[in-house]
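First the structure, in the form of structure tokens, and then the observations on it.
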Amino acid sequence: MTLSTEDILKNLNENQTKAVTTDAQHALVLAGAGSGKTRVLVHRIAWLISAEFVSPYSILAVTFTNKAAAEMRNRIAFMLKREIRDMWIGTFHGIALKLLQINTEAAGLPKNFQILDSDDQYRLIRRCIADLELDEKQWPPRTVQAFINDKKNDGLRAHEVEDYGDYNNQTLIKVFGHYDDHCQRAGLVDFSEMLLRAHELLLNDEAVLKKYRQRFSHILVDEFQDTNAIQSAFIQLLAGKNNKVLVVGDDDQSIYAWRGAKVEHILEFQTLYPNTAMYKLEQNYRSTQNILDAANGVIANNKKRLGKDLWSAQEKGDLVAVYGSHSEFDEAFFVGETIEGLLSEDARADDIAILYRSNAQSRLLEEALLKRSIPYQIYGGLRFFERLEIKDVLAYARLVNNRHDDIGFERVINTPTRGMGLKTINLIRNYAQMEQSSLWESGKKLLKAGKLSNRAATSLAAFNNLIDELEDNSFSGDDNEQNLASLFTDIIERTALKDHYLKEPPEKAQTRLENLDELINAAEMFEVTDEDLALGLTPLAAFLAQVSLDAGDTTQVNEPHVQLMTLHSAKGLEFPAVFIVGMEQGLFPHQNSMEDHNKLQEERRLAYVGITRAEKKLFLSYATSRRMRGKINACQPSQFLREIPKELIKQMRGNIHPATTYSSHTPIKTPYQSQTQNTNDSPYQLGQTVKHKSFGEGVITDMSGKGDYLQVLVQFNDFGPKVLAVKFAKLEIV
DNA sequence: TCTACGACTATTTTT
DNA sequence: TAGTCGTAGA
């Protein structure tokens with residue numbers, strides 16, 4: 001049973017329909033925030049399969065995150081009422097990895113090549129810096145790592161990086177080369193390498209290129225504004241002259257230039273791909289008109305744009321609320337109180353999101369929510385498979401999978417400590433380097449040659465046996481199939497890792513053990529696909545590969561929570577009510593981005609992303625004083641606030657036009673403020689003279705917040721106006 | 001091998 | 001300010 005064309009096109013607006021049914025060779029779909037971007041992709045694929053009878057086998061759909069890939073796959077299956085097996089849907093990295101796994105030899109990789117995640121890469125780079133006898137102080141590993149990845153993202157290998165004759169640059173190139181040599185010898189592939197190598201595979205192997213060009217007659221790419229040079233080149237190469245490419249994206253939502261993404265790819269798409277039809281999706285189904293107008297007002301200040309104007313068929317809705325607070329405490333208080341108000345009306349906690357520019361801002365907000373017993377959840381931070389205990393167990397598993405996995409070896413050879421100190425490890429390392437062998441091999445040889453101390457020899461032999469036994473034991477039962485869950489259980493028990501974590505503070509240990517249980521669960525749930533089997537991967541190898549590409553979503557949804565996250569991680573999400581906090585010059589736009597024109601534009605796009613997350617209510621707040629890096633700074637409201645048309649703003653407190661902020665002697669009366677003052681039961685009052693330890697005497701001229709969050713504005717005789725948190729300031733009443 | 005202390009640093013993050 | 005990291009010393 002096929003889906004009728006009517007079924008596919010119903011519920012689509014005019015431009016969406018045009019994009020879905022396009023017969024141009026290439027299509028650029030400029031999809032504004034909330035305009036049904038994913039919808040167009042999903043319907044387009046359904047259209048290709050059901051109306052144009054394109055075989056799913058010939059379709060390649062690429063996204064940036066696993067989440068997006070999974071969502072797309074589900075929605076297509078739901079629409080077509082069947083699972084689409086032969087179609088490739090995945091992240092750029094996932095697709096690249098698949099190509100490498102199928103064409104291992106042509107790609108110049110060993111059969112059992114290993115994937116390095118960022119942390120592994122970092123460790124290896126540190127080793128390389130040490131190998132070359134460079135000083136880490138002078139060559140910070142992070143800088144070197146960024147250098148290598150930047151170059152790879154631009155499609156360059158060490159020998160291709162331009163050598164300006166500059167010592168600094170030359171050294172970086174040297175480390176890059178050394179690192180790549182090491183990876184090549186050991187069969188290691190980092191994330192950027194995956195893309196670079198897949199690209200090279202197509203570029204250098206005509207037969208392979210021909211095969212995939214013939215196969216993928218239809219290529220679709222999501223979030224095209226986020227592609228970096230190598231990703232863009234990859235698509236172009238695969239497309240060749242004849243295949244059809246449809247990309248969806250929004251130049252106004254390009255917020256990842258700092259990690260190699262180039263807006264130019266979407267801006268220049270029509271030049272790069274002749275015969276391109278462009279479709280603009282400007283009707284927004286998410287937000288009220290006022291919110292969209294605010295977003296439009298801000299983004300209009302950017303220069304390099306393809307130009308779009310979002311509109312909504314919805315009502316105008318509430319005005320954008322702007323709150324000027326005295327301090328970050330006051331701001332957190334405002335957010336907490338307002339959320340409490342929303343919740344007492346009709347909002348659910350998960351209708352609400354608090355967005356900020358940098359993670360450090362989350363703490364006070366958390367405290368404010370905690371105080372009111374409002375459930376919340378923070379996005380970001382360490383993800384499941386990046387946690388230390390998980391990585392430890394996985395490192396053992398990696399060794400079981402492949403004894404020559406040096407990264408795994410280094411990680412666990414002395415974790416938990418088994419008397420293999422730095423001395424022994426260095427001995428093994430040096431020998432390995434001399435012999436060009438893996439650490440595992442080198443250890444064995446040293447052992448055989450009796451070159452290790454007694455203690456080291458005993459424990460290394462025990463370690464070797466342990467790994468071998470773990471592997472043997474993982475094959476259980478009559479079918480002799482590898483059982484992952486029992487392997488992991490075995491690892492945790494027999495390596496004494498469990499006892500090792502139990503030595504930590506109870507709370508920490510508890511979480512670690514819980515995570516390990518979770519890992520065993522994940523292993524139990526893991527199913528080897530036919531594809532993995534066809535590639536000749538063992539269950540363990542397949543599991544390890546999957547785990548390294550998908551760091552695991554730690555967010556478990558049970559009761560509704562207020563969502564706290566950075567503006568970056570909010571991309572693609574939507575909420576009925578959104579708070580954007582810390583709207584101040586220097587924080588948002590961030591200090592490091594304010595001088596540079598391009599960076600400032602990216603900050604502005606970030607503001608645009610943030611504003612367009614809101615469906616119905618949008619609250620923007622700033623503080624006129626904020627403690628940052630241990631220092632109290634006076635802050636100006638963000639320029640982005642002033643870019644929102646005045647008539648859309650309801651200023652709840654303060655004034656975003658800087659001249660009149662802050663130092664006035666008369667407190668600003670707002671409904672919000674009088675409300676909090678009524679409930680103020682502190683000993684301090686307006687007009688009161690107080691004494692401060694270092695600032696001396698002054699008069700209280702404004703107050704806000706209550707309880708622990710009570711703030712006062714004091715005009716000090718000798719130091720001028722200062723905002724102080726009463727809880728900390730220890731003011732004496734004179 | 002573990003602990004303690006001093007130095008250092010401080011956007012955004014997916015794979 | 002606060003958290004991480006490396007090293008010195010027990």
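So you know, we letter chains A, B, ... as the sequences are listed, proteins then strands, and number each from 1.
Within the 4.0 angstrom heavy-atom criterion, only backbone atoms of the sugar-phosphate kind lie near A/Asn414; the bases stay farther away. Residue A/Arg142 is out of contact with every strand shown, counting any heavy-atom pair closer than 4.0 Å. No contact: A/Arg605 has no heavy atom under 4.0 Å from any strand.
Heavy-atom neighbours of A/Asn454 CG from other residues, nucleotides or ligands within 6.0 Å: at or below the threshold of 12. Other residues, nucleotides and ligands contribute at most 12 non-hydrogen atoms within 6.0 Å of the NZ atom of A/Lys498. The neighbour count for A/Arg455 CZ, taken as heavy atoms of other residues, nucleotides or ligands under 6.0 Å away, does not exceed 12.
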Using a 4.0 Å heavy-atom cut-off, write out nucleotides 6-15 of chain B from 5' to 3' as B (base contacted by protein), S (sugar-phosphate only) or - (no contact).
----BBBBBB
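In this structure, A/Arg605 forms no cation-pi arrangement with A/Tyr608, as its terminal cationic atom is not both closer than 6.0 Å to the ring centre and no more than 45° off the ring axis. With A/Tyr122 as the aromatic partner, A/Arg142 meets the cation-pi criteria of under 6.0 angstrom to the ring centre and within 45 degrees of the ring axis.
Comparing B/dT12 with C/dC5, their P atoms are spaced 15 Å from each other, to the whole Å. Across the P atoms, B/dT11 and C/dT4 are found 14 Å apart, a figure rounded to whole Å.
Taking every nucleotide of DNA chain C with any atom under 4.0 Å from a non-hydrogen atom of chain A, the first and last of them, 5' to 3', are C/dT1 to C/dG6.
A/Phe543 and A/Phe385 have perpendicular rings, their planes meeting at more than 60° on a 0 to 90° scale where under 30° would count as parallel. Taking the six-membered ring where the residue is Trp, A/Trp258 and A/Tyr256 present tilted rings, their angle falling between 30° and 60°. Using cut-offs of 30° and 60° on the angle between ring planes, the pair A/Phe463 and A/Tyr396 is tilted.
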